[in-house]
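A quick write-up on the structure given underneath.
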Amino acid sequence: VELRNANEYEAAIFEFSRAVEAGGALAETARREALATRMSFGLALYRANGIGSAVTNWESVLAEDPSLIYVLPYLARGYYDLGRYRAGIDTAQRLAKLIKDHAFALANPYSLAADCYAKLGNDSEARRYYSLSLAVDPILNYWALTGLAGE
């Protein structure tokens, strides 16, 4: 944890992996901490413009533990930034299904899906998703409003 807090992600992942291999009472905790560290490493890579590497990290986190849905918003945005718009839509829709009872939180996945549809030239679906986004957050939703206005 100290290594992760010092932004030494690869060293932290290595140490957590060793703890997992050793087994015992802490193995599951070490595995979860390794996954959280890989997610944080992905964020650091993304911020440093290593978007492809960030996406790879997030994909591997989800492959190992699909319950870690807090990775999905980052992954969807990474796909968008890489021009993988269909994957961005699929990931945003997956997230939206998982958080459907959290209306305010739905605005961003809907807007991201709309952005992806717009990049694919599917304006009708883009407008539909921007409208869905505005429906769940009509007050603070600048993203969807500017998307509908064409900015």
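Note that the structure is a prediction, hence the values are computed from the model and not measured.
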* Applying side-chain contact (heavy atoms from CB on, under 4.5 Å), run through I89 and E125 and close with a yes or a no. => CA-CA 11 Å; I89 291 166; E125 279 300 294; over 6 Å; no
* Considering only heavy atoms from C-beta outward, does the side chain of L43 approach that of M39 to under 4.5 Å? -> yes
* **Min side-chain heavy-atom separation I99-P109 under 4.5 Å** => yes
* **R4 and S40 side chains, donor-acceptor separation under 3.5 Å** => no
* Structure fact -> Closest non-hydrogen atoms of L3 and A12, given as atom of the first, atom of the second and distance, are CB-CB, 3.7 Å
* Work out which heavy atom in L95 is nearest to a heavy atom in P73; give both atom names and the distance. => CD2-CG, 3.7 Å
* To do: Please round to the nearest 0.5 Å and tell me the distance separating atom CD of E33 and atom CD of E28.
  => 11.0 Å
* Structure fact -> Heavy-atom nearest pair, A107 first then S133, reads O-OG, 2.8 Å
* To do: May I ask you to check whether over 12 heavy atoms, not counting those of Y74, lie within 6.0 Å of atom OH?
  => no
* N-O pairing of R86 and D90 below 4.0 Å -> yes
* Asked: Distance only, no hydrogens: is a donor on one side chain within 3.5 Å (strictly under) of an acceptor on the other, for Y130 and D115?
  -> yes
* Which distance, rounded to the nearest 0.5 Å, do you find between the CG of D65 and the CZ of R38? -> 10.0 Å
* **For A118 against A126, the heavy-atom pair lying closest together** => N-CB, 3.7 Å
* Determine whether H102 and L106 make a side-chain contact, defined as any pair of heavy atoms from C-beta on separated by less than 4.5 Å. => no
* Give, for atom CG of L72 and atom CG of L112, the distance between the pair rounded to the nearest 0.5 Å. => 11.5 Å
* **L26 reachable from F14 in the ILVMFWY side-chain graph, under 4.5 Å edges** => no
* Asked: Are any of the side-chain heavy atoms of V1 and F16 separated by less than 4.5 Å?
  -> yes
* Asked: Under a single-linkage rule joining Ile, Leu, Val, Met, Phe, Trp and Tyr whose side-chain heavy atoms are separated by less than 4.5 Å, which residues share a cluster with I13?
  -> Y9, F41, L45
* To do: Taking the side chain as every heavy atom from C-beta outward, state whether Q93 and Y129 have any pair of such atoms under 4.5 Å apart.
  => yes
* Asked: Can you list the steps and then say if R18 with E21 is a salt bridge (charged side-chain N to carboxylate O under 4.0 Å, His left out)?
  -> CA-CA 5 Å; R18 288 182 53 202; E21 290 171 7; over 6 Å; no
* Answer yes when R77 and D81 have at least one side-chain N-carboxylate O distance shorter than 4.0 Å, and no when they do not. => yes
* Structure fact -> Nearest heavy-atom contact between Y80 and C116 is CD1-SG, 3.7 Å
* **Nearest-0.5 Å distance, CG of residue L62 to CG of residue N57** => 11.0 Å
* Structure fact -> d(R128 CZ, N122 CG) to nearest 0.5 Å is 9.5 Å
* Structure fact -> Value for CG (L75) from CD1 (I69), rounded to nearest 0.5 Å, stands at 13.0 Å
* Measure centre to centre between the rings of Y79 and Y85, then say whether the value is under 6.0 Å. => no
